[in-house]
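Presented below is the structure to which this report refers.
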Amino acid sequence: MIDFNNTEIAFSSKSKSELRNAYVLFNVMKYPSIVKLGKFASNIALNIHFPLGWIVKPTLYKQFVGGETLEDTTKYINFLKEYNVKSTLDYSAESKKTPAGIQATFEETLRSVDFAKGNPNIAYAVFKPSTLTTDEVLCKASEKREELTIEEVKAFREFKERFMALCQRAYDNNVRILVDAEDYCFQDAIDELTDDAMRQFNKEQAIVFATLQMYRHDRMPYLRRIYDDSIEKGYYPGIKFVRGAYMEEERKRAEIMGYPDPICKDKAATDENFDAGVKFVVDHIDRMQLFMGTHNENSNYKLAALIDEKGLQRNDQRIYFSQLLGMSDNISFNLAHENYNVTKYVPYAKVRDVLPYLLRRAEENTSVAGQTSRELKMLQAEMRRRKK
Ligand SMILES: Cc1cc2nc3c(=O)[nH]c(=O)nc-3n(C[C@H](O)[C@H](O)[C@H](O)COP(=O)(O)OP(=O)(O)OC[C@H]3O[C@@H](n4cnc5c(N)ncnc54)[C@H](O)[C@@H]3O)c2cc1C
């Protein structure tokens, strides 16, 4: 059986000083008060245009980001390839919400789809739909509580055009593309468009992938609906599973707005939902493709065992495991060593633009029970092993 505690394989790519830097960083991130203070200070610095590169670049950025441009990421693509790990290049600029900024993000994401074309070391392209319009328009169009103004109708139409243009480019380039999942208030509109895109572009194989956040208790019925629809209309759904990144905000918003909490009642219920979804897709692998994004060791063990039990090839291109760059290398590198398909999300963008993503990573490492202590334990074990 695969062993995620094998730190020699997990960190074979890291030099002594890289190990030490990662250890110091995760040690700092384990204190919620420091992360909160860092978030507060960065928001002020962003507002007053105070330069942040000198502090962020050698720390958070170095650990979690692949570079400023697509070309910069080549270093990571080549390096990950050496360990049988593929890349998924993620343009992570989230703070450019002006019309010009949105257009620039769209064009850069298109470039990332072109960059992936024909490159066997890039497993997928990816985009975050909310970067293609303003939050206000996406939320209003998705929730359908009130009518859109003429301006908003136009903005939403442009959003749909950009969304479909990315999927069309992925189809033309024969590159699989992941549609990231986001806040509950945006998600109905994203789901509708993703369903349409899958019907249009997945006729011969899965090109467009829907993301299902399994902390939502309504996702299994949605998954079954996608499956039934694909049989009826004749296409191959791509399904990306994650647990979901916005739990606290979602619970709070549901309470304030007075609608039922969309999140599973507890962690065990989310885990059960996640496992059920993954199993459903593996059981229907002749029709669906699977991308599993998680740092949960148990989920990774379970999928690896399921692949073996079913007699599937470990490197069957219909199934991928995935973790974020800079996190859970013990899972990624050990899975890849055992010949399972692994891809790392490799974010890239300028320091200022990628800051919201970085702050989310720092918060996640503070709030996800056990994540930081597990990283620290692994890093420590490897440093000790090398000393010996
Ligand atoms: C490659 C990759 C891509 C990703 N893409 C997306 C994306 O498109 N959209 C997105 O939202 N997130 C995305 N994420 C983040 C993901 O949703 C999780 O927030 C993160 O991975 C932590 O979950 P886990 O499965 O790794 O770990 P775990 O530690 O096993 O799970 C933590 C998660 O469990 C859930 N949870 C925790 N406590 C409770 C509770 N009390 N009740 C109910 N549920 C609970 C929450 O979702 C929490 O984030 C991605 C992650 C990866 C690795």
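Counting starts at 1 for both ligands and their atoms, in listed order. What you see is a predicted model, and the numbers here were worked out from it, not measured in a lab.
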Problem set entry | Proximal atoms of ligand 1 relative to Tyr215 (non-hydrogen, under 4.0 Å) | 46 (C), 47 (O)
For this session: For Ala245, take its heavy atoms, then give the atoms of ligand 1 lying under 4.0 Å from any of them.
Result: 10 (C), 11 (O), 12 (N), 17 (O), 19 (O)
For this session: Say whether Gln323, considering both its backbone and side-chain N or O atoms, lies within less than 3.5 Å of an N or O atom on ligand 1.
Result: no
Problem set entry | Contact check: Lys240 vs ligand 1, nitrogen or oxygen atoms, below 3.5 angstrom | yes
Seminar exercise, completed: Closest to atom 10 (C) of ligand 1 (heavy atoms only, candidates Ser328, Ala181, Ala268) is Ala181
Exercise. Which atoms of ligand 1 are found less than 4.0 Å from any heavy atom of Tyr246?
Worked result: 11 (O)
Exercise. Side chain, backbone, both or neither: which part of Thr294 comes within less than 4.0 Å of ligand 1 when only heavy atoms are counted?
Worked result: both
Problem set entry | Of the listed options Lys267, Gln187, Glu248, closest to atom 32 (C) of ligand 1 (non-hydrogen atoms) | Lys267
Exercise. Does Arg111 make a cation-pi contact with Phe115, if we ask for NZ or CZ under 6.0 Å from the ring centre and within 45° of the axis?
Worked result: no
Problem set entry | Between Asp3 and Asn334: side-chain donor-acceptor atoms closer than 3.5 Å | no
Seminar exercise, completed: Looking at Asn300, Thr270, Val126, Asp180, the heavy atom closest to atom 43 (C) of ligand 1 belongs to Thr270
For this session: Output the distance between atom CG (Asn300) and atom CD1 (Ile2), rounded to the nearest 0.5 Å.
Result: 8.5 Å
For this session: Keeping to residues at least two apart or across chains, list the side chain to side chain donor-acceptor pair (under 3.5 Å) pairs with something in residues 73-88.
Result: Thr88-Thr343
Problem set entry | ligand 1 contact on Phe274 by region, counting heavy-atom pairs under 4.0 Å | neither
Exercise. Between Lys279 and Asp283, is there a side-chain N and carboxylate O pair less than 4.0 Å apart?
Worked result: yes
For this session: May I ask you to list the atoms of ligand 1 that are less than 4.0 angstrom from any heavy atom of Thr211?
Result: 8 (O)
Exercise. Only one of Phe11, Phe4, Tyr23 forms a side-chain contact (heavy atoms from CB on, under 4.5 Å) with Met378, so which one is it?
Worked result: Phe11
Problem set entry | Asn296: numbered ligand 1 atoms lying under 4.0 Å from its heavy atoms | 26 (O), 30 (O)
For this session: Treating Ile, Leu, Val, Met, Phe, Trp and Tyr as nodes and any side-chain heavy-atom pair under 4.5 angstrom as an edge, say whether Ile256 and Tyr259 lie in one connected cluster.
Result: no
Exercise. Under 6.0 Å between ring centres, would you say that holds for Phe209 and Phe291?
Worked result: no
Seminar exercise, completed: Tested for side-chain contact (heavy atoms from CB on, under 4.5 Å) against Phe127, the lone hit among Asp90, Leu178, Ile177, Thr105 is Ile177
Exercise. In terms of atom number and element, which parts of ligand 1 are under 4.0 angstrom from non-hydrogen atoms of Cys264?
Worked result: 42 (N), 43 (C)
Exercise. For Gln317, what residues pass the side-chain contact (heavy atoms from CB on, under 4.5 Å) criterion, not counting sequence neighbours?
Worked result: Arg176, Tyr320, Asn341
Exercise. Taking distance alone, with no angle check, do Gln213 and ligand 1 share an N/O pair under 3.5 Å?
Worked result: yes
Seminar exercise, completed: Nearest heavy atom to atom 46 (C) of ligand 1, choosing from Gly244, Ser299, Ser322, belongs to Gly244
Problem set entry | Ring-face cation contact, Tyr61 with Lys57, 6.0 Å cut, 45° max | yes
Seminar exercise, completed: In ligand 1, the atoms that come under 4.0 Å of a heavy atom of Arg251 are 40 (C), 41 (N), 42 (N), 43 (C)
Exercise. Considering distance alone, does some N or O of Tyr345 sit under 3.5 Å from an N or O of ligand 1?
Worked result: no
Exercise. Nearest heavy atom to atom 38 (N) of ligand 1: which of Met247, Glu182, Met327 does it belong to?
Worked result: Met247
